[in-house]
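Accompanying notes for the structure given below.
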Amino acid sequence: MKIPLEPLRGFRDILAPDSTTLRHLMSLFRELVESYGYEEVIPPTLERFELFAIKSGEEIRRSMFVFRDKAGREVALRPEATASIARIYLKHLRAKPKPLRLYYIVNCFRYEEPQRARYREFWQAGIELLGAEGKVADIETINLLINYYEKIKMLDKIVLKIGNIGIYRSMFKHFGLADEEQDHILHLMDKSMYDEALSHLEQRGFNELANKLQELWTTNTIEEAAKILSTINKEAEKQAEYLIEITNIIRDIYPNLALEPDISFARGLAYYTGIIFEVKVPGFPVSIAGGGRYDNLIEIYGDEHVPGVGFAIGLDRTLAALKEKGINLGIERREKATIVLIDEKYTSYAIKLQQLLTSKHVVTDITTSSRISKTLQKIYEKGTRYAIIVGEKEAKENKVTIKNLESRKQVVVQLDRLKKVEKLSNIFEQKQI
RNA sequence: GCCGCCGUAGCUCAGCCGGGAGAGCGCGGGGCUGUGGACCCCGAGGUCCCGGGUUCAAAUCCCGGCGGCGGCCCCA
């Protein structure tokens, strides 16, 4: 019986060098956030469907991997990590002193038609800062996100869009717009359907609100916007000033960052309540990371009010953008060597040599060949720099022949001397024997 | 869930108004018995995406499905 070899639709086999870079992106993220005091949470891949279904309709179900397990439970592969983090907080972490700093690196699943930079399984790395409100927490979060892109040499390639949903929440509240109406208007804004949003409001008799919004969206700077908002009420003005303040702080920390404060920016997510942000790469079709403040999210799952702020990085998309921009992360490469064993009689000699080299962190493999000419070529094409020839001549005298395949220089050294050097390249730097 | 283009060797593809499955690159071996990238020779490798239909005959024409790329819906 023959099995089709292609992975399932929308799934991928990730091989080197992509696999190497992807894991590297994860390591850098882990290193960064751990040094800021974040602790890893590893949530289960499979959760109850209702965990994700809360506050979302059939549309969400369509794009999730949902099925019944053997006991008949309705379960889903996680489409994101934040819901699981909220659940984990309520189950295990309520009594912990706030704020809580949590991070995750997980694969997520969405049942969508595959298209550019969108797959059915993808990797997200993110943080959640729970139980902290205000400027410092918001800045900490945004700083970590930018800092990450700085570490992967993308600071000059990204645009950080930043807005404040709080502005709209306070305006809507002032004019008495119902929650569902609020989400609908934000949704239209997210899709840049501003005219539809305005006519929708006018139909419902919110003419003054519509006028104010229209005025707001024609402003060129957030300072102008703040002036208009000051004519509504103190809270709306405060929210606009907060956005200005946050923007100024980020500018101060990252003077070279392309920062795009946007008063009309609204991420579709129903649960955002304050600062929102998104990382885009000009020319790349989708945003590669995003996040914001969500002070009501935990309340959706439990009865406790816990403010939170966080972000998620699309690692696959970041990798794709990295490749598109031709950025080389310069992942530190260990020296690589291949032992060419000419006569299998000296197998134990070769294995001992391999142990010696690997203990010096040289990546070492063994090939047996009596035909050296083609073997050397193959080793070189694989990207291995050193060939170490082991045959009767070497084994009998406790020597090895080391050949640098790039310079084509070759030296014969005593095993004892090899034991003393730190790197193979050192042998070639010194005078040859 | 919807739409468009595509699917032939490991890769890139030709063949497609019906009748023989092919090229280049790559891979393996040899020329060269312990030292390279060139060159020459030889070789392996295929359910022509799958299933059905039309036909004496289908890689080729028709239908359905699956998959790839991209767009829409959606994007938590």
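Values in this document were obtained by computation on a predicted structure and should not be read as measured data. Computed over heavy atoms, backbone and side chain alike; hydrogens, waters and symmetry mates excluded. Order of the sequence lines sets the chain letters (A, B, ...), proteins ahead of strands, with each chain counted from 1.
- For B:rG36, the base has no donor-acceptor partner in the side chain of A:E406 [N/O atoms by modelled type, under 3.5 angstrom].
- Pairs of residues two or more places apart, or lying in two chains, never qualify as ring-ring contact (aromatic ring centres under 6.0 Å, His included) while including a residue from residues 346-365 of chain A.
- With hydrogens and angles ignored, no donor-acceptor pair under 3.5 angstrom links the side chain of A:R9 to the base of B:rC66.
- Computed from coordinates, the A:L8 CG to B:rG67 P distance equals 8 Å when rounded to whole Å.
- For A:R116, whose side chain is taken as the heavy atoms from C-beta onward, the closest listed nucleotide among B:rU35, B:rG70, B:rG34 is B:rG70.
- Between A:R48 and A:E74 there is no salt bridge, since none of the side-chain N atoms of the basic residue sits less than 4.0 Å from a carboxylate O of the acidic one.
- When heavy atoms are screened at a 4.0 angstrom cut-off, A:L405 is found touching base atoms of the nucleic acid.
- Here the side chain of A:R101 pairs no donor or acceptor atom with the backbone of A:E34 at under 3.5 angstrom.
- Side chain of A:E394, nearest nucleotide from B:rG34, B:rC2, B:rC73: B:rG34.
- Counting non-hydrogen atoms under 4.0 angstrom, A:T375 reaches nothing in the nucleic acid.
- No salt bridge links A:E112 with A:R110; every basic N to acidic carboxylate O contact stays at or beyond 4.0 Å.
- Considering only side-chain atoms of A:E112, the nucleotide from B:rC74, B:rG1, B:rU35 that sits closest is B:rC74.
- As judged by a 4.0 angstrom heavy-atom cut-off over every strand, A:K378 is placed among residues touching the sugar-phosphate backbone only.
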